[in-house]
Number of protein chains: 2
Amino acid sequence: MAAKYLTIAREIKKRIISQRYPATEPLPDQFALAAEFQTSRMTIQQAMRQLIVEGLIYTRQGQGTFVRKNFLQLSQWDLAGSDYFGATKTWEHLGTVASRVIRFELRFPSEKEQSSLLINADAPVYDFVRLRLLNDEPVSLDATVMPVNLVPGLNKSHLESSVFRYVQESVGLKIMGSYRVVRAIKPDALDQQHLICSDSDPVLEVEQVIYLEDGTPLEYAHCHYRYDHGGIVIVNNG
Amino acid sequence: MAAKYLTIAREIKKRIISQRYPATEPLPDQFALAAEFQTSRMTIQQAMRQLIVEGLIYTRQGQGTFVRKNFLQLSQWDLAGSDYFGATKTWEHLGTVASRVIRFELRFPSEKEQSSLLINADAPVYDFVRLRLLNDEPVSLDATVMPVNLVPGLNKSHLESSVFRYVQESVGLKIMGSYRVVRAIKPDALDQQHLICSDSDPVLEVEQVIYLEDGTPLEYAHCHYRYDHGGIVIVNNG
DNA sequence: AAGTGGTCTAGACCACCCG
DNA sequence: GGGTGGTCTAGACCACTTC
(Lines give C-alpha, C1' and ligand atoms only; values in the text may rest on other atoms or scores of the structure.)
Protein backbone atom coordinates (compact mmCIF):
# COMPACT_ATOMS: atom_id res chain seq x y z
CA MET A 1 0.00 0.00 0.00
CA ALA A 2 1.58 3.21 -1.18
CA ALA A 3 1.53 6.29 1.03
CA LYS A 4 -1.65 8.31 0.79
CA TYR A 5 0.16 11.45 -0.33
CA LEU A 6 1.70 9.58 -3.27
CA THR A 7 -1.66 8.16 -4.27
CA ILE A 8 -3.13 11.66 -4.20
CA ALA A 9 -0.18 13.07 -6.14
CA ARG A 10 -0.67 10.46 -8.86
CA GLU A 11 -4.38 11.21 -9.08
CA ILE A 12 -3.77 14.96 -9.40
CA LYS A 13 -1.10 14.28 -12.01
CA LYS A 14 -3.63 12.27 -14.02
CA ARG A 15 -6.09 15.13 -13.85
CA ILE A 16 -3.50 17.61 -15.07
CA ILE A 17 -2.40 15.42 -17.95
CA SER A 18 -6.01 14.74 -18.97
CA GLN A 19 -6.59 18.49 -18.66
CA ARG A 20 -9.41 17.95 -16.24
CA TYR A 21 -7.51 20.68 -14.40
CA PRO A 22 -7.01 23.19 -17.22
CA ALA A 23 -3.60 24.87 -17.31
CA THR A 24 -5.29 28.25 -17.70
CA GLU A 25 -6.54 28.47 -14.11
CA PRO A 26 -5.31 27.54 -10.63
CA LEU A 27 -5.89 24.11 -9.14
CA PRO A 28 -8.57 23.73 -6.45
CA ASP A 29 -7.19 25.09 -3.20
CA GLN A 30 -5.68 22.82 -0.56
CA PHE A 31 -8.72 22.95 1.70
CA ALA A 32 -10.99 21.76 -1.10
CA LEU A 33 -8.58 18.96 -2.03
CA ALA A 34 -8.30 17.89 1.61
CA ALA A 35 -12.07 17.66 1.78
CA GLU A 36 -12.34 15.76 -1.50
CA PHE A 37 -9.65 13.21 -0.59
CA GLN A 38 -10.91 12.90 2.99
CA THR A 39 -7.54 13.78 4.47
CA SER A 40 -5.73 16.55 6.33
CA ARG A 41 -4.27 19.58 4.66
CA MET A 42 -0.71 18.54 5.61
CA THR A 43 -1.11 15.42 3.51
CA ILE A 44 -2.35 17.47 0.56
CA GLN A 45 0.69 19.69 0.96
CA GLN A 46 2.97 16.68 0.92
CA ALA A 47 1.34 15.58 -2.34
CA MET A 48 1.87 19.09 -3.73
CA ARG A 49 5.51 19.07 -2.70
CA GLN A 50 5.91 15.84 -4.63
CA LEU A 51 4.42 17.38 -7.79
CA ILE A 52 6.58 20.48 -7.36
CA VAL A 53 9.82 18.49 -7.33
CA GLU A 54 8.57 16.62 -10.40
CA GLY A 55 8.29 20.00 -12.12
CA LEU A 56 4.55 19.61 -12.71
CA ILE A 57 3.21 22.56 -10.69
CA TYR A 58 4.32 25.63 -8.76
CA THR A 59 2.73 27.54 -5.90
CA ARG A 60 2.36 31.24 -5.13
CA GLN A 61 1.52 32.29 -1.63
CA GLY A 62 -1.71 34.23 -1.59
CA GLN A 63 -2.57 33.24 -5.16
CA GLY A 64 -2.84 29.51 -5.56
CA THR A 65 -1.31 26.48 -7.22
CA PHE A 66 -0.62 26.46 -10.97
CA VAL A 67 0.38 24.06 -13.71
CA ARG A 68 3.77 24.71 -15.34
CA LYS A 69 3.12 25.73 -18.91
CA ASN A 70 6.00 23.70 -20.22
CA PHE A 71 5.08 20.45 -18.52
CA LEU A 72 3.42 18.88 -21.54
CA GLN A 73 6.12 20.42 -23.69
CA LEU A 74 8.89 18.87 -21.59
CA SER A 75 7.99 15.31 -22.46
CA GLN A 76 8.25 16.29 -26.11
CA TRP A 77 11.69 17.72 -25.44
CA ASP A 78 12.74 14.52 -23.77
CA LEU A 79 11.57 12.59 -26.77
CA ALA A 80 13.34 14.97 -29.14
CA GLY A 81 16.45 14.67 -26.99
CA SER A 82 16.49 10.92 -27.27
CA ASP A 83 18.66 11.18 -30.37
CA TYR A 84 21.34 12.60 -28.14
CA PHE A 85 23.49 10.83 -25.62
CA GLY A 86 23.13 11.34 -21.94
CA ALA A 87 25.86 9.59 -20.02
CA THR A 88 23.30 7.82 -17.87
CA LYS A 89 21.12 6.79 -20.78
CA THR A 90 21.46 3.76 -22.96
CA TRP A 91 21.37 3.89 -26.70
CA GLU A 92 19.74 0.54 -27.22
CA HIS A 93 16.72 2.02 -28.93
CA LEU A 94 19.04 3.37 -31.62
CA GLY A 95 20.50 0.02 -32.66
CA THR A 96 22.97 -2.65 -31.59
CA VAL A 97 25.36 -1.60 -28.84
CA ALA A 98 28.70 -3.31 -28.22
CA SER A 99 31.73 -2.70 -26.02
CA ARG A 100 35.33 -3.54 -26.93
CA VAL A 101 37.92 -3.58 -24.16
CA ILE A 102 41.07 -1.74 -25.25
CA ARG A 103 42.91 -1.90 -21.93
CA PHE A 104 42.38 -3.46 -18.49
CA GLU A 105 45.06 -3.02 -15.84
CA LEU A 106 45.72 -2.61 -12.13
CA ARG A 107 47.89 0.23 -10.85
CA PHE A 108 48.23 2.94 -8.20
CA PRO A 109 46.39 6.26 -8.61
CA SER A 110 47.88 9.55 -9.77
CA GLU A 111 47.53 12.61 -7.58
CA LYS A 112 44.61 13.91 -9.60
CA GLU A 113 42.91 10.52 -9.29
CA GLN A 114 43.56 10.39 -5.55
CA SER A 115 41.83 13.71 -4.99
CA SER A 116 38.98 12.89 -7.36
CA LEU A 117 38.30 9.50 -5.76
CA LEU A 118 39.16 10.57 -2.18
CA ILE A 119 41.67 7.72 -1.77
CA ASN A 120 45.30 7.34 -0.74
CA ALA A 121 48.27 6.75 -2.99
CA ASP A 122 48.56 3.13 -1.85
CA ALA A 123 44.94 2.21 -2.68
CA PRO A 124 45.04 0.20 -5.93
CA VAL A 125 42.72 1.11 -8.79
CA TYR A 126 41.39 -0.54 -11.92
CA ASP A 127 42.34 1.32 -15.08
CA PHE A 128 40.38 0.37 -18.17
CA VAL A 129 39.61 1.79 -21.60
CA ARG A 130 36.56 0.75 -23.59
CA LEU A 131 35.36 1.54 -27.09
CA ARG A 132 31.58 1.81 -27.46
CA LEU A 133 30.11 0.81 -30.79
CA LEU A 134 26.64 1.51 -32.12
CA ASN A 135 25.73 -0.63 -35.12
CA ASP A 136 29.47 -1.41 -35.44
CA GLU A 137 30.31 2.30 -35.72
CA PRO A 138 32.62 3.69 -33.01
CA VAL A 139 30.83 6.29 -30.87
CA SER A 140 32.81 6.82 -27.69
CA LEU A 141 36.11 5.94 -26.07
CA ASP A 142 35.95 5.81 -22.26
CA ALA A 143 38.93 5.74 -19.90
CA THR A 144 37.86 4.80 -16.38
CA VAL A 145 39.56 4.54 -13.01
CA MET A 146 37.84 2.76 -10.06
CA PRO A 147 39.08 1.88 -6.56
CA VAL A 148 39.59 -1.89 -6.31
CA ASN A 149 38.34 -2.10 -2.73
CA LEU A 150 34.88 -0.80 -3.70
CA VAL A 151 34.37 -3.30 -6.51
CA PRO A 152 36.34 -6.47 -5.80
CA GLY A 153 36.25 -9.21 -8.41
CA LEU A 154 35.79 -7.00 -11.46
CA ASN A 155 36.91 -8.79 -14.62
CA LYS A 156 37.05 -8.34 -18.37
CA SER A 157 33.69 -9.97 -19.01
CA HIS A 158 32.02 -7.38 -16.80
CA LEU A 159 33.60 -4.67 -18.92
CA GLU A 160 32.21 -6.21 -22.08
CA SER A 161 28.68 -6.29 -20.70
CA SER A 162 27.92 -3.68 -18.04
CA VAL A 163 30.09 -2.55 -15.14
CA PHE A 164 27.09 -0.59 -13.91
CA ARG A 165 24.96 -3.71 -13.64
CA TYR A 166 27.74 -5.63 -11.86
CA VAL A 167 28.18 -2.83 -9.35
CA GLN A 168 24.47 -2.59 -8.64
CA GLU A 169 23.43 -6.22 -8.66
CA SER A 170 26.45 -8.20 -7.47
CA VAL A 171 28.17 -5.74 -5.18
CA GLY A 172 24.93 -4.05 -4.06
CA LEU A 173 26.11 -0.45 -4.34
CA LYS A 174 23.70 2.33 -5.25
CA ILE A 175 24.63 5.28 -7.43
CA MET A 176 23.62 8.67 -6.07
CA GLY A 177 24.91 11.35 -8.37
CA SER A 178 27.63 12.66 -10.60
CA TYR A 179 29.94 15.59 -11.20
CA ARG A 180 30.85 16.29 -14.81
CA VAL A 181 32.82 18.74 -16.86
CA VAL A 182 32.15 18.87 -20.60
CA ARG A 183 34.59 20.34 -23.12
CA ALA A 184 35.49 20.31 -26.79
CA ILE A 185 39.02 19.07 -27.45
CA LYS A 186 41.27 17.95 -30.28
CA PRO A 187 41.55 14.18 -30.62
CA ASP A 188 44.64 12.44 -29.28
CA ALA A 189 46.32 9.47 -30.97
CA LEU A 190 44.12 6.90 -29.21
CA ASP A 191 40.98 8.81 -30.22
CA GLN A 192 42.06 9.02 -33.84
CA GLN A 193 42.89 5.32 -33.92
CA HIS A 194 39.71 3.97 -32.32
CA LEU A 195 37.08 6.62 -33.03
CA ILE A 196 38.40 6.76 -36.61
CA CYS A 197 38.60 10.50 -36.88
CA SER A 198 41.06 12.95 -38.40
CA ASP A 199 42.93 15.49 -36.33
CA SER A 200 40.62 18.26 -37.52
CA ASP A 201 37.53 16.47 -36.19
CA PRO A 202 36.61 17.78 -32.74
CA VAL A 203 35.94 15.44 -29.83
CA LEU A 204 33.42 15.99 -27.03
CA GLU A 205 35.09 15.14 -23.73
CA VAL A 206 33.13 14.41 -20.56
CA GLU A 207 35.28 14.24 -17.41
CA GLN A 208 33.18 12.74 -14.65
CA VAL A 209 33.09 11.48 -11.10
CA ILE A 210 30.25 9.10 -10.23
CA TYR A 211 29.53 8.70 -6.53
CA LEU A 212 27.44 6.47 -4.29
CA GLU A 213 24.56 7.19 -1.94
CA ASP A 214 26.77 8.27 0.92
CA GLY A 215 29.01 10.33 -1.32
CA THR A 216 31.87 7.87 -1.78
CA PRO A 217 33.36 8.37 -5.27
CA LEU A 218 32.96 5.20 -7.35
CA GLU A 219 34.65 6.10 -10.62
CA TYR A 220 36.62 8.83 -12.31
CA ALA A 221 36.42 8.75 -16.07
CA HIS A 222 37.17 10.60 -19.29
CA CYS A 223 34.65 9.84 -22.02
CA HIS A 224 35.38 10.96 -25.58
CA TYR A 225 32.54 11.19 -28.11
CA ARG A 226 32.71 11.58 -31.86
CA TYR A 227 31.46 15.08 -32.64
CA ASP A 228 28.94 13.87 -35.20
CA HIS A 229 27.12 11.52 -32.84
CA GLY A 230 24.95 13.90 -30.85
CA GLY A 231 25.45 15.80 -27.63
CA ILE A 232 24.77 15.94 -23.92
CA VAL A 233 21.35 17.04 -22.71
CA ILE A 234 21.17 19.13 -19.53
CA VAL A 235 17.84 19.92 -17.94
CA ASN A 236 17.76 22.39 -15.09
CA ASN A 237 14.67 23.17 -13.08
CA GLY A 238 15.09 25.98 -10.57
CA MET B 1 11.78 36.33 11.17
CA ALA B 2 12.75 33.25 9.21
CA ALA B 3 10.75 30.06 9.54
CA LYS B 4 11.73 27.92 12.49
CA TYR B 5 12.58 24.92 10.34
CA LEU B 6 15.05 27.02 8.32
CA THR B 7 16.68 28.33 11.48
CA ILE B 8 17.06 24.78 12.74
CA ALA B 9 18.41 23.60 9.38
CA ARG B 10 21.05 26.34 9.43
CA GLU B 11 22.07 25.43 12.98
CA ILE B 12 22.42 21.74 12.11
CA LYS B 13 24.38 22.67 9.00
CA LYS B 14 26.78 24.68 11.17
CA ARG B 15 27.26 21.72 13.45
CA ILE B 16 28.02 19.42 10.54
CA ILE B 17 30.51 21.82 8.98
CA SER B 18 32.22 22.41 12.32
CA GLN B 19 32.23 18.61 12.75
CA ARG B 20 30.42 18.90 16.05
CA TYR B 21 28.35 16.15 14.42
CA PRO B 22 31.10 13.83 13.22
CA ALA B 23 30.55 12.32 9.77
CA THR B 24 31.42 8.89 11.15
CA GLU B 25 28.20 8.42 13.09
CA PRO B 26 24.50 9.19 12.68
CA LEU B 27 23.00 12.51 13.74
CA PRO B 28 20.94 12.63 16.93
CA ASP B 29 17.52 11.15 16.21
CA GLN B 30 14.53 13.32 15.39
CA PHE B 31 12.97 12.94 18.83
CA ALA B 32 16.13 14.19 20.53
CA LEU B 33 16.41 17.13 18.13
CA ALA B 34 12.73 18.01 18.66
CA ALA B 35 13.36 18.07 22.40
CA GLU B 36 16.53 20.13 22.07
CA PHE B 37 14.97 22.75 19.77
CA GLN B 38 11.72 22.81 21.76
CA THR B 39 9.62 22.00 18.74
CA SER B 40 7.54 19.22 17.19
CA ARG B 41 9.00 16.34 15.25
CA MET B 42 7.27 17.46 12.04
CA THR B 43 9.26 20.69 12.16
CA ILE B 44 12.49 18.75 12.64
CA GLN B 45 11.57 16.64 9.63
CA GLN B 46 11.00 19.74 7.55
CA ALA B 47 14.47 20.95 8.54
CA MET B 48 15.88 17.55 7.55
CA ARG B 49 14.10 17.68 4.20
CA GLN B 50 15.76 21.02 3.59
CA LEU B 51 19.23 19.60 4.30
CA ILE B 52 18.48 16.58 2.12
CA VAL B 53 17.69 18.71 -0.94
CA GLU B 54 20.86 20.68 -0.26
CA GLY B 55 22.77 17.41 -0.52
CA LEU B 56 24.09 17.65 3.03
CA ILE B 57 22.54 14.55 4.61
CA TYR B 58 20.57 11.42 3.77
CA THR B 59 18.19 9.28 5.81
CA ARG B 60 17.68 5.52 6.16
CA GLN B 61 14.48 4.25 7.65
CA GLY B 62 15.23 2.17 10.73
CA GLN B 63 18.84 3.33 10.87
CA GLY B 64 19.13 7.06 11.22
CA THR B 65 20.29 10.24 9.54
CA PHE B 66 23.81 10.49 8.07
CA VAL B 67 26.15 13.09 6.66
CA ARG B 68 27.05 12.70 2.98
CA LYS B 69 30.72 11.89 2.79
CA ASN B 70 31.30 14.16 -0.17
CA PHE B 71 29.68 17.25 1.28
CA LEU B 72 32.89 18.91 2.39
CA GLN B 73 34.49 17.68 -0.81
CA LEU B 74 31.76 19.23 -2.98
CA SER B 75 32.55 22.79 -2.00
CA GLN B 76 36.12 22.12 -3.06
CA TRP B 77 34.82 20.83 -6.38
CA ASP B 78 32.78 23.96 -6.88
CA LEU B 79 35.86 26.02 -6.20
CA ALA B 80 37.93 23.93 -8.59
CA GLY B 81 35.21 24.26 -11.17
CA SER B 82 35.25 28.02 -11.02
CA ASP B 83 37.89 28.11 -13.73
CA TYR B 84 35.26 26.68 -16.04
CA PHE B 85 32.28 28.40 -17.55
CA GLY B 86 28.75 27.65 -16.51
CA ALA B 87 26.22 29.41 -18.68
CA THR B 88 24.53 30.86 -15.60
CA LYS B 89 27.77 31.98 -13.99
CA THR B 90 29.68 35.14 -14.57
CA TRP B 91 33.37 35.28 -15.22
CA GLU B 92 34.04 38.58 -13.56
CA HIS B 93 36.40 37.08 -11.02
CA LEU B 94 38.63 36.03 -13.92
CA GLY B 95 39.18 39.51 -15.32
CA THR B 96 37.48 42.23 -17.37
CA VAL B 97 34.36 41.14 -19.23
CA ALA B 98 32.99 42.95 -22.27
CA SER B 99 30.25 42.35 -24.80
CA ARG B 100 30.37 43.42 -28.46
CA VAL B 101 27.14 43.40 -30.46
CA ILE B 102 27.66 41.81 -33.87
CA ARG B 103 24.03 41.82 -34.98
CA PHE B 104 20.70 43.12 -33.68
CA GLU B 105 17.60 42.64 -35.82
CA LEU B 106 13.86 42.01 -35.76
CA ARG B 107 12.32 39.20 -37.81
CA PHE B 108 9.83 36.35 -37.79
CA PRO B 109 10.78 32.98 -36.27
CA SER B 110 11.79 29.86 -38.18
CA GLU B 111 9.88 26.63 -37.62
CA LYS B 112 12.52 25.34 -35.22
CA GLU B 113 12.38 28.59 -33.28
CA GLN B 114 8.58 28.50 -33.17
CA SER B 115 8.56 25.07 -31.59
CA SER B 116 11.42 25.90 -29.21
CA LEU B 117 9.78 29.12 -28.01
CA LEU B 118 6.18 27.87 -28.22
CA ILE B 119 5.12 30.81 -30.41
CA ASN B 120 3.36 31.29 -33.73
CA ALA B 121 4.93 32.18 -37.07
CA ASP B 122 3.56 35.74 -36.86
CA ALA B 123 5.04 36.52 -33.43
CA PRO B 124 8.09 38.75 -34.04
CA VAL B 125 11.41 37.93 -32.40
CA TYR B 126 14.64 39.72 -31.61
CA ASP B 127 17.64 38.13 -33.28
CA PHE B 128 21.00 39.19 -31.91
CA VAL B 129 24.58 37.97 -31.92
CA ARG B 130 27.09 38.99 -29.28
CA LEU B 131 30.79 38.38 -28.84
CA ARG B 132 31.94 37.96 -25.24
CA LEU B 133 35.44 39.08 -24.41
CA LEU B 134 37.47 38.31 -21.32
CA ASN B 135 40.48 40.61 -20.91
CA ASP B 136 40.00 41.59 -24.57
CA GLU B 137 40.31 37.94 -25.67
CA PRO B 138 37.27 36.48 -27.47
CA VAL B 139 35.68 33.68 -25.46
CA SER B 140 32.20 33.03 -26.80
CA LEU B 141 29.90 33.97 -29.64
CA ASP B 142 26.20 33.83 -28.71
CA ALA B 143 23.29 33.90 -31.17
CA THR B 144 20.01 34.53 -29.37
CA VAL B 145 16.34 34.65 -30.36
CA MET B 146 13.71 36.12 -27.97
CA PRO B 147 9.99 36.83 -28.45
CA VAL B 148 9.44 40.58 -28.66
CA ASN B 149 6.18 40.48 -26.70
CA LEU B 150 7.90 39.08 -23.59
CA VAL B 151 10.62 41.73 -23.51
CA PRO B 152 9.34 44.95 -25.09
CA GLY B 153 11.76 47.84 -25.34
CA LEU B 154 14.98 45.83 -25.64
CA ASN B 155 17.74 47.88 -27.26
CA LYS B 156 21.39 47.70 -28.14
CA SER B 157 22.61 49.20 -24.87
CA HIS B 158 20.92 46.39 -22.98
CA LEU B 159 22.83 43.90 -25.11
CA GLU B 160 26.11 45.59 -24.28
CA SER B 161 25.47 45.39 -20.54
CA SER B 162 23.17 42.57 -19.44
CA VAL B 163 19.97 41.36 -21.06
CA PHE B 164 19.46 39.16 -18.02
CA ARG B 165 19.45 42.14 -15.69
CA TYR B 166 17.06 44.09 -17.93
CA VAL B 167 14.66 41.15 -18.04
CA GLN B 168 14.74 40.67 -14.28
CA GLU B 169 14.77 44.25 -13.04
CA SER B 170 12.89 46.27 -15.62
CA VAL B 171 10.44 43.75 -17.02
CA GLY B 172 10.10 41.84 -13.74
CA LEU B 173 10.32 38.33 -15.19
CA LYS B 174 11.85 35.51 -13.18
CA ILE B 175 13.97 32.76 -14.70
CA MET B 176 13.01 29.25 -13.63
CA GLY B 177 15.15 26.81 -15.54
CA SER B 178 16.86 25.79 -18.73
CA TYR B 179 17.13 23.05 -21.28
CA ARG B 180 20.51 22.64 -22.92
CA VAL B 181 22.26 20.43 -25.41
CA VAL B 182 26.07 20.51 -25.49
CA ARG B 183 28.11 19.36 -28.48
CA ALA B 184 31.52 19.66 -30.07
CA ILE B 185 31.39 21.12 -33.58
CA LYS B 186 33.65 22.53 -36.27
CA PRO B 187 33.73 26.33 -36.36
CA ASP B 188 31.69 28.11 -39.04
CA ALA B 189 32.84 31.26 -40.83
CA LEU B 190 31.43 33.61 -38.15
CA ASP B 191 33.16 31.62 -35.42
CA GLN B 192 36.49 31.71 -37.20
CA GLN B 193 36.18 35.44 -37.80
CA HIS B 194 35.19 36.50 -34.29
CA LEU B 195 36.56 33.78 -32.03
CA ILE B 196 39.80 33.96 -34.02
CA CYS B 197 40.24 30.24 -34.49
CA SER B 198 41.36 28.03 -37.34
CA ASP B 199 39.10 25.46 -38.94
CA SER B 200 40.88 22.66 -37.09
CA ASP B 201 40.10 24.21 -33.68
CA PRO B 202 36.99 22.62 -32.18
CA VAL B 203 34.15 24.73 -30.80
CA LEU B 204 31.94 23.87 -27.82
CA GLU B 205 28.33 24.58 -28.75
CA VAL B 206 25.57 25.00 -26.15
CA GLU B 207 22.07 25.07 -27.64
CA GLN B 208 19.71 26.27 -24.95
CA VAL B 209 16.18 27.27 -24.09
CA ILE B 210 15.76 29.44 -20.98
CA TYR B 211 12.29 29.54 -19.52
CA LEU B 212 10.38 31.49 -16.90
CA GLU B 213 8.74 30.47 -13.64
CA ASP B 214 5.54 29.30 -15.29
CA GLY B 215 7.39 27.51 -18.08
CA THR B 216 7.10 30.15 -20.81
CA PRO B 217 10.24 29.97 -23.00
CA LEU B 218 12.16 33.26 -22.83
CA GLU B 219 15.08 32.68 -25.18
CA TYR B 220 16.51 30.17 -27.62
CA ALA B 221 20.21 30.50 -28.15
CA HIS B 222 23.33 28.91 -29.62
CA CYS B 223 26.46 29.74 -27.65
CA HIS B 224 29.86 28.90 -29.14
CA TYR B 225 32.91 28.70 -26.89
CA ARG B 226 36.58 28.55 -27.81
CA TYR B 227 37.77 25.05 -26.97
CA ASP B 228 40.73 26.29 -24.91
CA HIS B 229 38.65 28.39 -22.53
CA GLY B 230 37.26 25.82 -20.14
CA GLY B 231 34.13 23.71 -20.12
CA ILE B 232 30.66 23.28 -18.72
CA VAL B 233 30.19 21.91 -15.20
CA ILE B 234 27.24 19.62 -14.54
CA VAL B 235 26.38 18.55 -11.02
CA ASN B 236 23.73 15.88 -10.53
CA ASN B 237 22.43 14.80 -7.15
CA GLY B 238 20.04 11.86 -7.25
C1' DA C 1 11.75 -5.78 21.44
C1' DA C 2 13.69 -1.41 20.90
C1' DG C 3 14.91 2.33 18.17
C1' DT C 4 14.76 4.78 14.04
C1' DG C 5 12.59 7.50 10.23
C1' DG C 6 7.88 7.82 7.39
C1' DT C 7 3.31 9.11 7.41
C1' DC C 8 -0.86 11.12 9.09
C1' DT C 9 -4.30 13.84 11.88
C1' DA C 10 -7.23 18.01 13.11
C1' DG C 11 -6.69 21.67 14.13
C1' DA C 12 -4.15 26.68 14.69
C1' DC C 13 -1.98 31.06 13.37
C1' DC C 14 0.72 33.69 10.01
C1' DA C 15 2.14 35.97 5.42
C1' DC C 16 0.81 37.27 1.19
C1' DC C 17 -2.19 38.78 -2.77
C1' DC C 18 -6.34 40.57 -4.57
C1' DG C 19 -10.58 43.21 -4.97
C1' DG D 1 -11.58 41.29 4.32
C1' DG D 2 -11.53 37.03 2.29
C1' DG D 3 -8.98 33.55 0.20
C1' DT D 4 -4.76 31.44 -0.63
C1' DG D 5 -0.48 28.85 0.57
C1' DG D 6 3.30 28.47 4.56
C1' DT D 7 4.28 26.98 8.95
C1' DC D 8 3.60 24.71 13.27
C1' DT D 9 1.70 21.70 17.11
C1' DA D 10 1.31 17.35 20.00
C1' DG D 11 0.39 13.69 19.48
C1' DA D 12 -0.55 8.74 16.88
C1' DC D 13 0.46 4.56 14.24
C1' DC D 14 3.29 2.24 10.68
C1' DA D 15 7.66 0.30 8.29
C1' DC D 16 12.10 -0.88 8.57
C1' DT D 17 16.57 -2.24 10.75
C1' DT D 18 19.20 -4.03 14.36
C1' DC D 19 19.79 -6.57 18.49
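The sequence lines fix the lettering, A, B, ..., with proteins before strands; numbering per chain opens at 1.
dG6(D) atom P lies 9 Å from atom CZ of R60(A), rounded to whole Å. Distance CD1 (I44(A)) to P (dT7(C)): 15 Å, rounded to an integer number of Å. A straight line from CG of L27(B) to C1' of dG5(C) spans 13 Å, rounded to a whole angstrom. Note: CD (Q61(B)) to C1' (dC16(D)) measures 5 Å, nearest angstrom. In this entry the distance linking CZ of F37(B) with C1' of dA10(D) reads 19 Å, nearest Å. Atom OH of Y5(A) and atom P of dC13(D) are 21 Å apart (whole Å). Taking atom CG of L6(A) as the reference point, atom P of dT7(C) lies 7 Å away to the nearest angstrom. The distance between atom CD of Q45(B) and atom P of dC8(D), rounded to the nearest whole Å, is 13 Å.
Q63(B) comes within 4.0 angstrom of the backbone, heavy atoms only, and of no base. The residue S40(B) sits close to a base: some heavy atom pair falls under 4.0 Å.
Residue T43(B) is the one, among F31(B) and T43(B), whose nearest nucleotide of DNA chain D lies closer to the 5' end (criterion: closest heavy atom). Both P28(A) and A3(B) sit near DNA chain D, but only P28(A) has its closest nucleotide nearer the 5' end. Residues D29(B) and M42(B) both approach DNA chain C. Their nearest nucleotides, taken by heavy-atom distance, put D29(B) toward the 5′ side.
At the phosphate of dC8(C), neither OP1 nor OP2 sits under 4.0 Å from any side-chain N or O atom of T39(A). Contact annotation: K4(B) does not reach the phosphate of dG6(D) (side-chain N/O to OP1 or OP2, under 4.0 Å).
Note on ring orientation: taking the six-membered ring where Trp is involved, the planes of Y166(B) and H158(B) are parallel (angle under 30°, cut-offs 30° and 60°). Ring geometry, Y126(A) versus F104(A): the interplanar angle falls under 30°, so the pair is classed parallel (tilted spans 30 to 60°).
Figure legend: cation-pi geometry between R41(B) and F31(B), with NZ or CZ positioned under 6.0 Å from the six-membered ring centre and within 45° of its axis.
No more than 12 heavy atoms of other residues, nucleotides or ligands sit less than 6.0 Å from atom CD of Q38(B).
Evaluation of atom-type donor-acceptor distances gives a pair under 3.5 Å for the side chain of R41(A) against the base of dG6(D).
For the side-chain contact (heavy atoms from CB on, under 4.5 Å) criterion with I12(B), the lone passing option out of L56(B), L33(B), I17(B) is L33(B).
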